[in-house]
Every structure is written in structure tokens, then in C-alpha cells.
Student: 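Input: one structure, supplied below.
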Amino acid sequence: MMITLTTIIACLASLYGCHAFSITATHSVATVVSRKDVITPKTKTASAKSSSNVLPLQQNWWPVALVNTLDEHAPNAERLLNKDLVLWFDGEDWRCMDDMCAHRFAPLSEGRVFRRISSTDDTNNRRCISCSYHGWEFDSHGSCTRIPQALDPTKAAESARVASYPVQIGAGIVWVWPDESSSAFAQTVPLPISPMLQQWQKEYPQSAYQREIPYGYELLAENVIDMSHLPFSHHEVLSSRDNGVHLPFKMLSLDEKEKVWEKECSSIYSNATESDKVLPRYQVEIKQGEAQYSDPIFTYNLMGTNEADENSTSHLAFYPPSHIRYHRTPKSGLSSNTELFVSPQSAGKCRVIIFNPFEGGMKKLRIDAAKRKKKFEFLSNIGQYLLRKVILKKFMGVNNHLLTSD
């Protein structure tokens, strides 16, 4: 089935309407999304193929910030789905809470993070976060542990707590599940991180970049899945105006998506397991045999690294709710990805995190290339030795002094 980019965008819009991010911090009825093809660690592949789970907007993992952009020694103010949050490091793990003290609602991001040494337990390395207004202190789970003004500062009511949300670190990103009530379920939903990116992030932990963009989620998501704008908006940067042509997309079936995943996992850089598998909700390809003429990255061939032929492939995928992935394999056979993660901060404002992992930059490939070079040099030296010491001496009766000496 041949489709156009408009069809892809329409599919995206069916999941996330333009009204989806005009929500408030008190949103209780959220726009829903489908995760039909998500395969969780605790779910068998066969049953996951036929599932059609629909999740509220806030019951998803959202990529909030790159870890290397955050301050481990102070609270970090962030915003997600129109909600003010604070990210802070408790000495062992990153934590996320509402950016609002349970006392007088002052921003906790204006407070401080420190370790309170206890006279009864000096082995606990966990730090707390303290409000700048009255000094109330909260632990890693949002419970108030100290009220300086109380007769007994350590006896805080259970109700004196701040909502705390599940956090994961993946690909150097802090991911937040902004729904405290479904924390247990959050642990069954895997992050959409490609096998290539998993390995790339280990070798190049600070290779991504993030920026804030004054677009709503729906406009930004539409932009980053729109391959046809590359020749014009990114003229002589990524492509050229001369390369603006028809894009012969084909929507992939579930079985075809499985094959793309298997291809990614079969690469030498992949350490992925079945539990890492997350299939996209929508995925298209430029039909093999046509990608070299229509994919604007291939046709521009920047720096000669993307030369394509009839065997080259080009895939574009959307992983609800926040991930868009381009996966290309040029003539060289060395695949490359462009991976974008979108975090809606509020209506009309998003953060985007971008990675550009490529197989040719992987350490294993460099090591293998070095081994092949050494093997060639070794065989070459052996060949010269045999030529000099055996063949020439036997048939010519002399040692050939023109060859390299021992």
C-alpha cells in the first residue's frame, strides 16, 4: 500500500489531536494514545502483537532532560505537560516531584539539596530536598521528614508530602512517568531506545543535544516526521533544493516492523534482547530500489558518507508518545539513525533531544578494522619472507637483496 506524508501526519493526529497539549496541571481526563505494538518485558510477544492498550496521556514515559544538562547538587526546575516539576539527585538516584512544597506551595526548585547526617544512622547517603521558604525537608519519595518549626521536627503528618513520580535513566535521558497512581504499571513499559543508540550512548555519553522550541507538540511532531521539508528548510546543510522529489512511502505491517527490528538487532553493535523490543505504532519505508533516488539524505550524500544504491533502505517510524526515528542503510551497509525525542512542556512550547548515532563510528568496527589491518600486514610480511627465503633462493639460487632484509 502506497501512502503519502499527509497520511502519516493524519495518523499521528488521530493519536494526538491539536487540543492534546492545551491541558492544565489539574488534568484528570487526558487525551489517550494507543500503544498497540508495545512489547513489555513481562508480556509475551504473541499476545503483545494483538493487544490494543490505550493509555492516558500522563501514563507514558516522557523524555524530560539530558542528564548531563542537570545539576546534581541543586534542584532543577522542569516542566512537562503543563505541570511544574523538580528534578533532583538524592545521592544515588534521580528523583522527580511536583515543584511545590506541601506547606505553602513555594517552588522546591528554589530550595536546596543536601545530606542531613543523623546521630542514629550515619550510613544513609541519601540526600533530601529542602524548601527555601520555611525549610521543610522531603525525602526521595516526597515524604516530609523534618519541620524545623515543630516541637518535634521529625514528626510530620503523613499528609505533608509532595507527589513523587517514577524516573528512569535511558540513553542519557531522564525519563519521567508523570502519574503517581500508576507507578507499578510504569515499570512494565519499556523505553523506545534503539539497539544502536544503546551502544552509541555507552561510547559517546555526551553526543546528544537538546533545545527548547516555541512550537506546540502537534506542530513539532509533524515537522520532524516530514522528510519532504529537508531539501528546502535545510538547503546545503542536510540536503539541496534540487533533491525535492516525490517520496514513495509504504506503510509497514506488523510483520514487516518485526523484520526491521530483527535487522537492527542483527547488527554487530546490538546487545538488545527480547525485553528491549518496542515496535513503532507507525512505520514507513521508501521502497527498496527507490530510496537512492528520493530520500533527500541519500541524494545529497553529504561528505560522501551516504552514497546509496538499489539495495539501500530508508525507514521512518513513530513511537508513541514522544519518539521519531529515521533508520537508513546506504551502499556501505553501515546503518545510521536520526533519533528525536519530544517533550511537551506546555501549550506552544516543547523540548527536543536529538541523537545521530551511526554504525561507522562504533568502537567495535574500529577495532575490527584495526585487526583486519594487522592481519593483512602479518600475511604480507609472511609472504615477503617466503618469497625472499624460499621461492627466490630455490629457483634463483640467491637471496634477493632488493627485498627487505630480516
Student: Checking side-chain contact (heavy atoms from CB on, under 4.5 Å) between Tyr217 and each of Ser346, Cys350, Ser343, which is the one that passes?
Tutor: Cys350
Student: Quick test of your reading of the model: are Arg79 and Asp84 salt-bridged, counting only N-O distances below 4.0 Å?
Tutor: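 Salt bridge: yes.
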Student: Is there a donor-acceptor pair under 3.5 Å between the side chain of Gln210 and the backbone N or O of Leu66?
Tutor: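 Yes.
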Student: Is the backbone N or O of Ala74 less than 3.5 Å from a side-chain atom of Asn76, with the two atoms forming a donor-acceptor pair by type?
Tutor: yes
Student: Indicate the atoms forming the closest heavy-atom contact of Ser314 with Phe298, along with that distance.
Tutor: CB-CE1, 4.3 Å
Student: Of the non-hydrogen atoms in Tyr165 and Pro178, which two are nearest, and what is the gap between them?
Tutor: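 Shortest heavy-atom contact: CD2-C, 3.7 Å.
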Student: Would you compute the distance between atom CD of Glu222 and atom CD1 of Ile324 and round it to the nearest 0.5 angstrom?
Tutor: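 Atom-to-atom, Glu222:CD and Ile324:CD1 are 11.5 Å apart.
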Student: Would you say Gln58 and Lys83 make side-chain contact, with heavy atoms under 4.5 Å?
Tutor: no
Student: Is the number of heavy atoms from other residues, nucleotides or ligands under 6.0 Å of Gln149 CD greater than 12?
Tutor: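 Atom CD in Gln149 is packed in, count exceeds 12.
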Student: Would you name the heavy atoms of Phe138 and Trp88 that are closest together and state the gap between them?
Tutor: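 Between these two residues, the closest heavy atoms are O-CH2, 4.1 Å.
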Student: Testing the basics here: between His327 and Met196, what is the closest heavy-atom pair and its distance to 0.1 Å?
Tutor: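 Smallest interatomic distance, heavy atoms only, reads CE1-CE, 4.5 Å.
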Student: At their closest point, which heavy atom of Cys96 faces which heavy atom of Leu85, and how far apart are they?
Tutor: SG-CD1, 3.8 Å
Student: State whether the side chain of Ser239 and the backbone N or O of Pro296 hold a donor-acceptor pair below 3.5 Å, judged by distance alone.
Tutor: yes
Student: Could you work out, with salt bridge (charged side-chain N to carboxylate O under 4.0 Å, His left out) as the rule, every residue matching Glu78, not counting sequence neighbours?
Tutor: Arg351
Student: When you measure from the side chain of Arg95 to the backbone of Asp139, do you find a donor-acceptor pair of N or O atoms at a distance under 3.5 Å?
Tutor: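 Checked: no pair found.
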Student: Would you compute the distance between atom CZ of Arg116 and atom OG1 of Thr145 and round it to the nearest 0.5 angstrom?
Tutor: 8.0 Å
Student: When you measure from the side chain of Ser194 to the backbone N and O of Leu197, does any donor-acceptor pair fall under 3.5 Å?
Tutor: yes
Student: As an exercise, state the distance from CE of Met227 to CD1 of Ile297, rounded to the nearest 0.5 Å.
Tutor: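 Rounded to the nearest 0.5 Å, the CE-CD1 separation comes out at 8.0 Å.
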Student: Between Glu212 and Lys349, does any NZ, NE, NH1 or NH2 come within less than 4.0 Å of an OD or OE carboxylate oxygen?
Tutor: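 Result for this pair is no, no salt bridge flagged.
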Student: Calculate, to the nearest 0.5 Å, the distance between atoms SG and CZ belonging to Cys128 and Phe114 respectively.
Tutor: 3.5 Å
Student: Taking only residues two or more places apart in sequence or in another chain, which ones pass side-chain hydrogen bond (donor to acceptor under 3.5 Å, both in side chains) with Ser109?
Tutor: Asp99
Student: Just by modelled atom types, is the Pro357 backbone N or O under 3.5 Å from a matching donor or acceptor in the Asn337 side chain?
Tutor: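 Side chain of Asn337 to backbone of Pro357: no pair is present.
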Student: Is the side chain of Lys257 donor-acceptor paired with the backbone N or O of Arg281 at a distance under 3.5 Å, no angle test?
Tutor: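 Flag set: sc Lys257 to bb Arg281 pair under 3.5 Å.
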Student: Any donor and acceptor pair, going by atom type alone, linking the side chain of Asn301 with main-chain N or O of Glu307 inside 3.5 Å?
Tutor: yes
Student: Any Lys/Arg nitrogen of Glu264 or Arg325 sitting under 4.0 Å from an Asp/Glu carboxylate oxygen of the other?
Tutor: yes
Student: Please identify each residue that fulfils ring pair (Phe, Tyr, Trp, His ring centres under 6.0 Å) with Tyr300, with sequence neighbours left out.
Tutor: none
Student: Donor-acceptor pair, distance only, cut-off 3.5 Å: does the side chain of Arg126 make one with the backbone of Glu92?
Tutor: no
Student: Answer whether the closest heavy-atom distance between the side chains of Gln198 and Asp276 falls below 4.5 Å.
Tutor: yes
Student: Does the separation of the ring centres of Trp175 and Phe341 fall below 6.0 angstrom?
Tutor: yes
Student: Would you compute the distance between atom CG of Leu254 and atom CD of Gln283 and round it to the nearest 0.5 angstrom?
Tutor: 10.5 Å
Student: Working to the nearest 0.5 angstrom, can you tell me the gap between Leu252 CG and His315 NE2?
Tutor: 5.5 Å
Student: Kindly check if the number of other-residue, nucleotide or ligand heavy atoms within 6.0 Å of CZ (Phe232) is above 12?
Tutor: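 More than 12 within 6.0 Å, yes.
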Student: Measure from the side-chain N and O atoms of Trp61 to the backbone N and O of Ala186, and report whether any donor-acceptor pair falls under 3.5 Å.
Tutor: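 Side chain of Trp61 to backbone of Ala186, a donor-acceptor pair under 3.5 Å: yes, one is there.
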Student: Of all heavy-atom pairs between Met251 and Tyr282, which one has the smallest distance, and what is that distance?
Tutor: CE-CD2, 4.0 Å
